[in-house]
Structure formats: C-alpha cells, structure tokens
Novice: 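Structure in structure tokens, see below.
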There are 2 protein chains.
Amino acid sequence: MATQEWSIQEIARVAGTTSRTLRHYDDVGLLAPSRVGSNGYRYYDQRCLVRLQRILLLRELGLGLPAIADVLDGERDSAAALAVHLEWLCQERDRIERQIASVTTTLRKLEGGEQIMATEAFDGFDHTQYKDEVIERWGKDAWERGDNWWRSLSDKDKREFQQRQYDIAADFAAAHKQGKAADSDDVQAIAQRQYDWIAIGWQGKRPTADEFVGLGQLYVDDPRFTAHYDRHGEGTAAFIRDAMATYAERTLR
Amino acid sequence: MATQEWSIQEIARVAGTTSRTLRHYDDVGLLAPSRVGSNGYRYYDQRCLVRLQRILLLRELGLGLPAIADVLDGERDSAAALAVHLEWLCQERDRIERQIASVTTTLRKLEGGEQIMATEAFDGFDHTQYKDEVIERWGKDAWERGDNWWRSLSDKDKREFQQRQYDIAADFAAAHKQGKAADSDDVQAIAQRQYDWIAIGWQGKRPTADEFVGLGQLYVDDPRFTAHYDRHGEGTAAFIRDAMATYAERTLR
DNA sequence: GCTTGACCTTGACGTAGCGTCAACTTCTAC
DNA sequence: GTAGAAGTTGACGCTACGTCAAGGTCAAGC
C-alpha cells in the first residue's frame with residue numbers, strides 16, 4: 001500500500017539518520033510527521049520519506065537547514081542556493097588553505113630553533129595605530145611620506161623589513177642578556193643597524209640626534225612599543241633606548 | 001615604567017581585540033588580569049600583554065582556547081600542538097574539497113536539466129522477469145504481495161524506490177573500492193540500509209537471517225543480478241553478498 | 001553637589017545542529 | 001503483571017565570543 005507508515009525509529013534507520021534528528025527537524029519546522037498519534041507518537045509516510053531523503057542529500061552537500069527549507073518549499077531555486085553555497089565553500093577552503101600555510105611556516109621555524117611569537121607578531125602590524133603620534137611628533141608630511149612608502153611595498157618586502165627589525169631587536173636582547181653594556185662597541189654596532197633601518201622607513205630622511213634619542217625614549221614610554229621589544233626579554237626596550245642615546249651622542253652630533 | 005598598567009579597554013585596543021574577549025579569557029581561566037581593583041575593575045600589566053599577544057597569535061593560526069592554554073602553560077609543546085592542529089586543518093580542507101566537488105557536479109546536472117534525485121536508476125527494470133524465482137523461493141503469496149505493491153506505486157515512487165537501491169549499491173561499491181572490509185562497521189551500516197530497503201519491498205515482512213543470506217547469494221548466482229551490481233565495479237556483487245551474510249549473522253540471529 | 005557621559009561590572013541569551021542524559025509514559029511480548 | 005524496547009518533552013553541552021540589559025564608578029564641567 002502507498003499509505004504505508006513508519007515509526008520515528010524505523011524511518012530514521014531507513015533513511016540513515018537518527019530519531020533525534022527527526023525530532024529536531026520537526027521542532028524547527030523542516031519536516032513534520034504525516035500523523036501524530038493520540039499518544040504523541042510521530043508517524044511518517046512515503047511523502048515524508050522522500051522529503052527527508054532530499055533534506056539529507058542537501059545536508060550532505062553542506063547546506064544549512066534554513067536554506068534547505070527554502071529550496072524544498074519552492075521559495076528558492078535549488079541551483080541558486082547551491083551556487084551561493086558553493087561560493088561559501090570556496091571562501092572557507094581559501095581560509096583554511098591560508099591557515100595551513102601559516103601553521104606550516106610556523107612549524108618550520110620552530111624546527112629551525114627559532115622562537116615563536118616573533119616575526120608573525122609583527123605581521124599583523126598595523127602601522128596606522130601610530131598615526132596620531134607620528135603626526136604630533138614629526139608632522140603630517142612625515143606621516144604621509146612613511147604611509148605612502150609602506151603601502152607601496154609588496155607583502156614580501158614588508159615581511160623582510162619587519163624581519164630586519166626583528167633580527168635587530170633579537171640581537172639587542174641577546175647582548176643585553178649577555179651583560180654587554182649599551183655603550184659597548186658590539187651594541188653600538190647594532191645601534192648603527194637600527195639607525196639604518198629607521199632611515200629606510202623614513203625614506204632617506206636620516207634622523208637627527210635628537211630625533212633618534214626621542215625615538216628610543218618612545219620605545220620605553222609607549223606601552224605598545226615596550227611590549228613589542230620586551231617580548232625578546234625584560235628590559236630590552238630600556239636597553240635599546242640607552243644604546244640609541246649613546247649612538248646619537250657619539251655618532252650623530 | 002615597567003610596572004605600567006592598563007584598563008581593559010586600553011589593553012584591548014593595544015592588542016587589537018575587544019574587552020569582551022578579555023573578559024571571556026578571564027572567565028575560562030586563560031588570561032587573568034594582573035590586578036583587580038576594589039571596584040571590580042580589571043587591570044593588566046606588561047606580562048599580561050605579552051601573554052595576550054601570544055594567545056591572539058595562536059588564535060590566528062586557528063588553535064582552540066584549551067590548546068592555547070596547554071601550550072602557554074608549558075603543559076604541551078607548541079610544535080606538537082601545531083602539528084596536531086595542522087592534521088585537523090588538512091582533514092577539514094579535504095572535507096570541503098569533497099563538498100565543493102559534490103556541489104559542482106550537482107550544479108552541472110541541474111544545468112543539464114536533470115532532475116535532482118531522479119538519476120540513472122534501474123533502467124528498464126522489469127520485475128516480472130524474476131517471477132519464477134520468487135515463487136520458487138518464497139511462495140506464490142510473496143510474489144503476489146510484492147507484485148500488487150509494486151503496481152500500486154506511482155512512477156515517481158517507483159523511481160525513488162529504485163533510486164534508493166541505486167544509492168545503496170553505489171555506496172557498497174565505493175566502500176569496496178576503498179578496501180573496506182565487508183564486516184566493517186561502515187559496510188554493515190550499508191547492509192542495514194539494504195535490509196530495510198528489502199523490507200519495504202516485502203511490504204513489512206522483514207526477511208529472516210536465512211532469507212537475507214539467500215538473497216545475497218542470489219546476487220552472485222544469478223547473472224542478471226550480478227551484472228546489475230557489478231556495473232558499479234567488479235566484484236561488487238560478491239562484496240554485497242559477504243556484507244549481507246555478516247549482517248544476518250550478527251544482527252538477525 | 002549634581003548631571004553627563006564614558007567606562008566598568010555581572011548575567012544571560014544567541015549562534016548550528018544535533019548528541020546526550022533525565023524523567024516519565026506507552027506499547028509489545030512473555 | 002512485568003520487563004524491555006521505544007516513545008515523549010525538557011534541558012544542558014559544544015566554540016568563542018557578540019550583543020543587549022541593568023546598574024555601579026569615575027572624571028569633568030556647571
């Protein structure tokens with residue numbers, strides 16, 4: 001007979017799902033039983049089975065329940081719904097691919113013995129958060145010059161620029177840890193690299209002695225910079241400030 | 001000063017997140033403030049900021065909060081955690097890729113005007129050609145019951161009934177191709193569907209263990225059935241027979 | 001001293017799609 | 001009559017917060 005009926009468990013087994021899922025579909029209005037007994041039991045007929053199979057098919061394709069409802073109730077073309085969903089899936093895939101790439105490079109660095117938390121941290125470096133300070137200290141022209149330059153860089157160049165800074169900071173921290181003095185020749189050599197690095201960012205306009213000293217002081221005064229440098233070891237920011245001050249006095253005046 | 005402190009909003013801005021997130025990290029024990037004022041206000045110091053930046057870094061890589069806690073508290077190697085996570089990500093990517101492939105082929109079929117679901121079923125299935133065998137094996141009553149039921153179905157219902165069988169057979173073939181064992185859980189789940197499908201055709205008279213085993217054997221012995229099932233791949237009929245025999249022993253006895 | 005507004009607190013709901021008890025009733029079979 | 005299988009509704013759990021809601025705190029201006 002075409003008027004065949006199944007209990008909730010039976011239809012769940014037949015369709016390859018669970019009774020809980022069917023109750024859920026009933027709750028959200030996606031699939032109501034064809035009949036409900038006076039005892040509250042749910043019973044499903046052929047039409048329900050067909051609808052259920054369609055639901056499960058679309059679910060396997062990854063569609064959400066509201067989208068499935070729209071399709072099955074004819075309020076939305078299935079092709080259109082699937083096309084939208086496909087877009088979604090591709091974005092998700094891309095996102096995951098990017099994460100895989102990030103995790104892979106991080107793992108390689110870890111294997112190479114590098115401390116994590118370094119370059120990557122600077123990766124998400126948002127230079128615009130310093131906009132107001134830069135304008136206040138050095139003027140609007142300086143900001144715009146630097147901003148334009150930064151935007152002109154490729155991702156690779158940006159990373160390399162940051163990597164150089166990371167290496168310099170790491171060397172400062174190592175020297176500090178070894179007990180070297182901020183005015184020692186070794187440390188002053190690092191300060192020289194720091195000066196050159198800044199000159200690059202300033203687009204050739206080499207900092208004056210006062211500007212260089214002020215910048216070093218900023219590393220200590222501004223918590224964002226302090227946190228950044230102290231990541232290499234406590235007191236690194238202050239050590240760098242001292243080294244920069246010495247460099248300014250000895251070399252820039 | 002190294003003893004600098006920030007309010008919850010300040011540190012959130014510096015680190016590039018929200019105060020809500022910080023409260024959440026406090027709630028789950030991932031990052032407690034360094035100090036809590038008598039008014040209940042949270043205050044964070046340098047160490048907190050460093051830890052927060054590490055948390056956010058790992059989050060960007062997609063790690064979950066418990067995993068991050070394990071890494072930061074030194075209870076787990078960061079390389080190991082990332083390796084596990086990478087495995088995860090790859091599986092996710094594969095899953096999404098498969099969905100993309102499914103959706104794409106479905107879309108192509110829809111564009112080609114094919115009705116979803118109504119695929120290439122049992123072409124030209126003429127059940128009367130099995131009449132003699134059915135009567136011989138299960139009696140005249142069984143035949144007539146099944147015959148009447150089949151005739152009562154609409155074309156649509158017939159197609160759907162066949163479609164289900166087609167899907168089941170395809171799944172058997174896919175499992176076989178993947179090298180899964182006939183007595184594995186996955187394959188037994190398909191055998192369950194096969195059993196339910198037959199029960200529908202038998203109008204609720206569920207096959208006994210012996211009948212189910214005999215039916216499976218028939219798929220190999222009768223060249224018409226063998227050809228039908230082996231269309232999905234060579235050896236599929238024998239594979240199905242084995243799966244059905246195992247199902248009968250385990251579940252029906 | 002009072003108002004305004006910015007910032008802080010805890011508490012609780014919502015999210016996607018069910019899995020998983022829990023407590024209780026019904027049906028089926030011996 | 002009673003066990004056991006199967007049914008019901010309710011409600012919490014999961015991820016990582018976003019988003020009100022209701023109310024306390026603090027600095028600044030009048």
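The sequence lines fix the lettering, A, B, ..., with proteins before strands; numbering per chain opens at 1.
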Novice: If you take all heavy atoms of A:S78 and A:V71, which pair is closest and at what distance?
Specialist: CB-CG1, 3.6 Å

Novice: Residues from residues 18-25 of chain A sitting under 4.0 Å of DNA chain D, heavy atoms only?
Specialist: A:R20, A:R23

Novice: Send over the distance from B:L58 CG to D:dT15 C1', rounded to a whole Å.
Specialist: 17 Å

Novice: Quickly work out the B:D27 CG to C:dT10 C1' distance and round it to whole Å.
Specialist: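 Atom-to-atom, B:D27 to C:dT10, this comes out as 9 Å.
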
Novice: Charged N to carboxylate O under 4.0 angstrom, A:R42 versus A:D26?
Specialist: yes

Novice: Is the NZ or CZ atom of A:R241 both under 6.0 Å from the centre of the six-membered ring of A:Y219 and within 45° of that ring's axis?
Specialist: no

Novice: Distance check needed: D:dT15 C1' versus B:I55 CD1, whole Å only.
Specialist: 16 Å

Novice: So which atom in A:H85 and which in A:L61 form the shortest heavy-atom distance, rounded to 0.1 Å?
Specialist: NE2-O, 2.9 Å

Novice: Please list, by residue number, the residues of residues 34-41 of chain B whose heavy atoms come closer than 4.0 Å to an atom of DNA chain C; answer none if no residue qualifies.
Specialist: B:G40, B:Y41

Novice: Expressed in whole Å, how much space separates the P atoms belonging to D:dA11 and C:dA12?
Specialist: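 About 16 Å, rounded to a whole number of Å.
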
Novice: In whole Å, what separates the C1' atom of D:dC14 from that of C:dT9?
Specialist: 27 Å

Novice: Mind listing the side-chain donor-acceptor pairs of residues 13-21 of chain A below 3.5 Å, one per line with the distance, residues two or more places apart or on another chain?
Specialist:
unit_1 : atom_1 : unit_2 : atom_2 : d
A:T18  : OG1    : A:T21  : N      : 3.1
A:T18  : OG1    : A:T21  : OG1    : 2.9

Novice: Do the charged groups of A:D73 and A:R51 touch, with an N to O distance under 4.0 Å?
Specialist: yes

Novice: Between D:dT15 and C:dT10, how far apart are the P atoms? Round to whole Å, please.
Specialist: 23 Å

Novice: A:I8 has an atom CD1; how far is it from atom P of D:dT8, in whole Å?
Specialist: 5 Å

Novice: Charged N to carboxylate O under 4.0 angstrom, A:E111 versus A:R108?
Specialist: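 Looking at A:R108 together with A:E111, the answer is no, because their closest N to O distance does not fall below 4.0 Å.
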
Novice: Write down the distance between CZ (A:R13) and P (D:dA5), rounded to a whole number of angstrom.
Specialist: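 Rounded to whole Å, this separation is 14 Å.
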
Novice: Using whole Å, report how far CG of B:L63 lies from P of D:dC17.
Specialist: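 Whole-Å distance recorded here is 13 Å.
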
Novice: Minimum heavy-atom separation for B:A181 to B:F239, with atom names?
Specialist: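 Distance-wise, the nearest heavy atoms are C-CE1, 4.2 Å.
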
Novice: Roughly how many Å is it from NE2 in A:H85 to C1' in C:dA16, rounded to a whole number?
Specialist: 13 Å

Novice: Can you measure A:Y43 atom OH to C:dT26 atom P for me and round it to whole angstrom units?
Specialist: 13 Å

Novice: Apply side-chain contact (heavy atoms from CB on, under 4.5 Å) to B:R93 and B:C90, showing your working.
Specialist: CA-CA 5 Å; B:R93 179 195 50 190; B:C90 289; 3.9 Å; yes

Novice: Do the side-chain N or O atoms of A:Q9 get closer than 4.0 angstrom to the phosphate oxygens (OP1, OP2) of D:dA5?
Specialist: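 Negative; the distance criterion is not met.
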
